[in-house]
Amino acid sequence: MKIGIGADHNGYELKEQIKKFIQETMNQEVVDYGCHSCDTIDYPDVAFKVSKAITDGELERGILICGTGLGVAIAANKYPGIRAATCHDTYSAERAQLSNNAQIIAMGSQIIGVEVGKKVVEAYLNVSWAEGSKRKVDKITEKEKEFTGIDFSGSTPKCS
Ligand code: RB5
């Protein structure tokens, strides 16, 4: 599975730890969309980069990190075709994929520590949507089509 990761300055350090965990412990490919230091950046910029890569079919999943996990999720959810969920516990992370087919989870470095973050990411990446709650997810996609004129119903990108 190809996974994109991105963070603002508040999430930078947690991002580095989560990236290492996905690569070295979960043996999955990670593409890092920044940021690459604690210098201040605007969280929508990185959220949009990861969201675009997902809707372009370059990634299957994304992890976004800011201070609270809220700003990056709000920004990502403005991106047509994206379902992003803020998750700070393993149950929500698992359900974000199984019930909501969320391509992205967001976390806040000011809310959780590294070890909980790893567990949350593991819970999210270890499950795959099997069309659970499809009728409800389809309604979200239909509303998006109504607003944008674009049909995202086929967009569950598979990269490998
Ligand atoms: C800093 O921009 C801070 O607002 C950000 O890290 C995040 O917590 C926003 O939701």
Side-chain angles (χ1 to χ4, degrees), residues 1-26 28-56 58-127 129 133 136-137 140-141 143-144 147-148 150 152 155-157:
M1 194 191 297
K2 198 167 170 184
I3 299 142
I5 194 164
D8 75 354
H9 50 288
N10 283 333
Y12 167 67
E13 284 174 10
L14 181 58
K15 170 178 72 71
E16 292 302 299
Q17 297 291 325
I18 296 292
K19 180 171 71 176
K20 195 163 170 252
F21 172 72
I22 298 171
Q23 289 169 330
E24 295 178 9
T25 306
M26 298 195 74
Q28 301 282 354
E29 187 181 351
V30 180
V31 183
D32 188 344
Y33 289 82
C35 61
H36 302 290
S37 76
C38 291
D39 294 347
T40 301
I41 67 151
D42 296 337
Y43 62 79
D45 295 338
V46 71
F48 294 151
K49 280 183 196 166
V50 172
S51 300
K52 181 177 189 309
I54 286 174
T55 56
D56 284 351
E58 291 164 15
L59 304 170
E60 284 176 74
R61 305 277 187 95
I63 313 285
L64 288 170
I65 305 170
C66 63
T68 58
L70 299 176
V72 284
I74 291 168
N77 279 315
K78 293 292 179 195
Y79 211 92
I82 290 296
R83 292 173 297 279
T86 302
C87 299
H88 292 124
D89 66 275
T90 55
Y91 183 71
S92 302
E94 197 176 271
R95 295 319 308 179
Q97 175 60 204
L98 294 177
S99 298
N100 312 117
N101 196 13
Q103 307 104 321
I104 293 176
I105 59 163
M107 300 187 293
S109 64
Q110 294 160 346
I111 313 287
I112 54 169
V114 174
E115 295 309 317
V116 173
K118 289 178 189 173
K119 292 285 182 198
V120 167
V121 166
E122 190 173 38
Y124 171 62
L125 295 179
N126 273 345
V127 293
W129 194 57
S133 299
K136 298 163 202 170
V137 174
I140 297 169
T141 307
K143 184 56 71 179
E144 207 159 37
F147 286 147
T148 66
I150 305 166
F152 292 95
S155 62
T156 305

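Here the structure is a predicted model, which is why all the values come from computation and not from measurement. Numbering of ligands and ligand atoms starts at 1, following listing order.
Phe48 does not carry Lys52 over the face of its six-membered ring by the limits of under 6.0 Å from the centre and within 45° of the normal.
Summary of contacts: the protein heavy atom closest to atom 8 (O) of ligand 1 is Thr68 N, 3.1 Å. Ranking the protein heavy atoms by distance from atom 3 (C) of ligand 1 puts Asn10 ND2, 3.6 Å first. Of the protein's heavy atoms, Asp8 OD2, 2.6 Å lies nearest to atom 6 (O) of ligand 1. Protein heavy atom in closest approach to atom 10 (O) of ligand 1: Gly71 N, 2.9 Å.
Closest approach of Pro80 to Phe152, counting heavy atoms only: CB-CZ, 3.3 Å. The shortest non-hydrogen separation linking Val30 to Lys19 is CG1-CG, 3.9 Å. Contact between Ala75 and Pro44 at its shortest, heavy atoms only, is CB-CA, 3.9 Å. The shortest heavy-atom contact between Val46 and Gly6 is CG2-CA, 3.7 Å. Nearest heavy-atom pair across Leu59 and Ile3 is CD2-C, 3.9 Å.
Checking only distances, Gln110 never comes within under 3.5 Å of ligand 1, N or O to N or O. Where the criterion is an N or O separation shorter than 3.5 Å, residue side chain and backbone included, Tyr43 fails it with respect to ligand 1. Residue Cys66 has no nitrogen or oxygen atom sitting less than 3.5 Å from a nitrogen or oxygen atom of ligand 1, judged on distance alone. Any N or O atom pair closer than 3.5 Å counts here, and Gly69 shares no such pair with ligand 1.
None of Leu14, Val72, Val120, Ile105 except one satisfies the side chain to side chain contact (heavy atoms under 4.5 Å, CB included) rule with Ile63; the exception is Ile105.
The ligand atoms of ligand 1 that sit less than 4.0 angstrom from a heavy atom of Gly67 are 5 (C), 6 (O), 7 (C), 8 (O).
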